[in-house]
2 protein chains.
Amino acid sequence: MTDVVVIPRATISRLPVYFRVLMELSHMEVSLVSSDELAARSGVSSSQLRKDLSYFGEFGIRGAGYDVGFLLQKIREILGIHREWRLVIAGAGKLGTALARYSGFAQHGLEVAALFDIDPGKQGKMTGKIPVLPMEDLTGFVQEHDIQIGVITVPAQAAQGVADLMVRAGLKGIWNFAPVRIEVPDDVIVQYEDLVVGLLTLSHHLSRRMR
Amino acid sequence: MTDVVVIPRATISRLPVYFRVLMELSHMEVSLVSSDELAARSGVSSSQLRKDLSYFGEFGIRGAGYDVGFLLQKIREILGIHREWRLVIAGAGKLGTALARYSGFAQHGLEVAALFDIDPGKQGKMTGKIPVLPMEDLTGFVQEHDIQIGVITVPAQAAQGVADLMVRAGLKGIWNFAPVRIEVPDDVIVQYEDLVVGLLTLSHHLSRRMR
DNA sequence: TCCGGATTGTGAATTATTTCACATTCATTT
DNA sequence: AAATGAATGTGAAATAATTCACAATCCGGA
Ligand SMILES: NC(=O)c1ccc[n+]([C@@H]2O[C@H](COP(=O)([O-])OP(=O)(O)OC[C@H]3O[C@@H](n4cnc5c(N)ncnc54)[C@H](O)[C@@H]3O)[C@@H](O)[C@H]2O)c1
Ligand SMILES: NC(=O)c1ccc[n+]([C@@H]2O[C@H](COP(=O)([O-])OP(=O)(O)OC[C@H]3O[C@@H](n4cnc5c(N)ncnc54)[C@H](O)[C@@H]3O)[C@@H](O)[C@H]2O)c1
């Protein structure tokens, strides 16, 4: 029985924050940072930060701190963004086009290759440099352009159908913004992004506090 | 020492999911549902569901299940959406306008009253039924229209300034999409929405699985 | 080369969350 | 009115995540 190290979900979700802070430090020409400093800038405790990193290895220098460039590279590897990921977005509506045009993804090695939509009125147009294509072309496009991730920004009732299509096309990761659970085979990973949760969490806390 | 019941964060974030499933059941004219059924449709265990609800009271009927309409109303109250919340959005860019035009919020008693932007080229226009106003008008608008929540969809470097303005205007809740922490007084609640986290979580899992 | 100061890495303790399992309660039937 | 069956509500147990606290280690200076 070799014991598998299981990494807390919450640890993974903090890594992008550390990454961003390290990028800032790097731009500020800071080359060494302590866990105290990095943690404070990330909004967590320093023991939290050190424990998080310890799941993946030893990246610091005792008595000194962390080499910004080195840690940046390590986190890149952990998050899998040392390689490029290509995405397609299904649903060229309000949210889909906003995501497609977002410049922040490129900084993380994420490239939106195309948008797909069922509406002929949207097909053929360009969203910035990104083409909007008919849904029928999705499978071929994914295979030709070596796409790994599909983003779902269609209405809820269309989400399962789109997910099925993405699975058949061979996509192994789905980022789903539609407010429904979708069924996929075990070898496909679904990441849900439910924006209403954040707003209702705020609403809950506000109404508690105002009571 | 009266012991305060503390409600897990995760419980709050599941309530919107239960709410949505109950809405569906309600539309399907289902009037009674068991914790097994409701939990399965929400993607959680039934004991999880019952424990979550138990933090707020006893809403079910032993031996029978939950009255859909009654539970819906209770969750509405817990989430604070039995009353209307009015929001303003600062940053009428890609994401801000997508949010402003999203019809899903209205179903939860959330009304986007106006967008604000620093760019004179965007001011004066309408996004659907929602006006885009100059930043200078924010304070007056918030006070005149009894707004409670501010949404930040401006670039990261402008976020703190916008937050300061929102705090001065009297907003008590801020929903922040800019990828930076912001400093606010204790009586203001900030909910962070970091979309990159979701995508990088997916990237991490994908690259682990492919290794 | 050794010493002092600093900061990491990590077991252990604590705290938080989820799951278990069953006593309790309710609706229905006889 | 009592018996039956079903599903909730909830302490207790099990897991999971965070914080503590300090031994281990490294850097730089003497
Ligand atoms: N806009 C937001 O701010 C927001 C916020 C939270 C959640 N969401 C969710 O994101 C999704 C998209 O929202 P939106 O506001 O962009 O909607 P939208 O109506 O603007 O866009 C949806 C697009 O999907 C296309 N479409 C419909 N069925 C399709 C299908 N079967 N295959 C391919 N394309 C199809 C439509 O033609 C349209 O272009 C929805 O599920 C919504 O609930 C949106
Ligand atoms: N678009 C996305 O999909 C996406 C995804 C994740 C995060 N975000 C974050 O959301 C924010 C907005 O992104 P976007 O893509 O909509 O950008 P955008 O450039 O399309 O829009 C930003 C808007 O803010 C306005 N603005 C700039 N400074 C301002 C100020 N001081 N006061 C008021 N308005 C100001 C600009 O005029 C512009 O209209 C950014 O912080 C971005 O990192 C966006």
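Naming: A, B, ... by sequence-line order, numbering from 1 per chain.
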### Query
Distance from A:Leu165 atom CG to A:Ile152 atom CD1, nearest 0.5 Å?
9.5 Å

### Task
Using a 4.0 Å heavy-atom cut-off across all strands, classify B:Phe56 as base, sugar-phosphate, or nothing.
nothing

### Query
Quick one: A:Tyr55 OH to D:dA17 P, roughly how many Å, whole number?
7 Å

### Message
Using 0.5 Å steps for rounding, measure from the CG atom of A:Leu15 to the NZ atom of A:Lys74.
### Response
13.5 Å

### Task
Using whole Å, report how far CG of A:Asp67 lies from C1' of C:dT8.
15 Å

### Task
Check DNA chain D against residues 7-34 of chain B and give the residues with a non-hydrogen atom under 4.0 Å, in numerical order.
B:Ser34

### Task
Using whole Å, report how far CG of A:Asp36 lies from C1' of D:dC20.
14 Å

### Task
Decide, yes or no, whether a salt bridge links A:Glu24 with A:Arg20 under the criterion of side-chain N to carboxylate O below 4.0 Å.
no

### Within residues 70-77 of chain A: residues closer than 4.0 Å to DNA chain D (heavy atoms)
none

### Task
Let me know the distance between CZ of B:Arg50 and C1' of D:dA12, rounded to the nearest Å.
15 Å

### Query
Has the side chain of A:Ser46 got a donor or acceptor atom that lies under 3.5 Å from a matching backbone atom of A:Ala39?
no

### Task
Would you mind reporting whether A:Asp194 and B:Pro16 have side-chain heavy atoms less than 4.5 Å apart?
no

### Query
Can you name the side-chain hydrogen bond (donor to acceptor under 3.5 Å, both in side chains) partners of A:Asp164, sequence neighbours left out?
A:Gln160

### Summary
So NZ of A:Lys172 and OG of B:Ser207: to nearest 0.5 Å the spacing works out to 15.5 Å

Without placing hydrogens or testing angles, list every side-chain donor-acceptor pair under 3.5 Å for residues 100-119 of chain B, not counting sequence neighbours.
| residue | atom | partner | partner atom | Å |
| --- | --- | --- | --- | --- |
| B:Asp117 | OD1 | B:Asp119 | N | 2.9 |
| B:Asp117 | OD2 | B:Ala92 | N | 2.7 |
| B:Asp119 | OD1 | B:Gly121 | N | 2.8 |

### Query
Among B:Phe70, B:Phe59, B:Phe19, which one satisfies side chain to side chain contact (heavy atoms under 4.5 Å, CB included) with B:Ile75?
B:Phe19

### Task
Enter the distance from B:Ile12:CD1 to A:His205:NE2 here, rounded to the nearest 0.5 Å.
5.5 Å

### Query
Which residues pass the salt bridge (Lys or Arg N to Asp or Glu O under 4.0 Å) test with A:Lys94, sequence neighbours left out?
none

### Query
Is any side-chain heavy atom of B:Val33 less than 4.5 Å from a side-chain heavy atom of B:Leu71?
no

#### Entry: Note, A:Val17 side chain near A:Val44 side chain (heavy atom, < 4.5 Å)
no

### Message
What residues from residues 38-49 of chain A pass a heavy-atom cutoff of under 4.0 Å to DNA chain D?
### Response
A:Ser45, A:Ser47, A:Gln48

## Note on the structure
In short, ring pair (Phe, Tyr, Trp, His ring centres under 6.0 Å) pairs touching residues 177-201 of chain A with sequence neighbours left out are A:Trp175-A:Phe177

### Summary
So the salt bridge (Lys or Arg N to Asp or Glu O under 4.0 Å) pairs with at least one residue in residues 47-61 of chain B (sequence neighbours excluded) are B:Arg14-B:Asp52

#### Entry: Separation of atom NZ in B:Lys51 from atom P in D:dT10, rounded to whole Å
8 Å

### Task
Specify the closest pair of heavy atoms between A:Glu77 and A:His82, including all atoms of both residues, with the distance to one decimal.
CA-ND1, 3.5 Å

Close N/O contacts between protein and nucleotides 28-30 of chain D (under 3.5 Å):
none

### Query
Roughly how far, to the nearest 0.5 Å, is CG of A:Leu38 from CG of A:Leu53?
7.5 Å

### Query
Any side-chain heavy-atom pair from B:Leu87 and B:Leu99 closer than 4.5 angstrom?
no

Could you list, one pair per line, each protein nitrogen or oxygen that sits under 3.5 Å from a nitrogen or oxygen of nucleotides 24-27 of chain D, together with the distance?
| residue | atom | partner | partner atom | Å |
| --- | --- | --- | --- | --- |
| D:dA24 | N3 | A:Arg62 | NH1 | 3.1 |
| D:dC26 | O4' | A:Arg62 | O | 3.4 |

#### Entry: Protein-nucleotide distance (B:Tyr66, atom OH; C:dT25, atom P), rounded to Å
15 Å

### Message
Without decimals, in angstroms, what is the distance between A:Asp52 CG and D:dA16 C1'?
### Response
14 Å

### Query
What parts of residues 189-208 of chain B reach DNA chain D, counting only heavy atoms under 4.0 Å away?
none

### Query
The side chain of A:Ser35 lies closest to which of these nucleotides: C:dT19, D:dG9, C:dT8?
C:dT8

### Partners passing salt bridge (Lys or Arg N to Asp or Glu O under 4.0 Å) against B:Arg208 (at least two apart in sequence or in another chain)
none

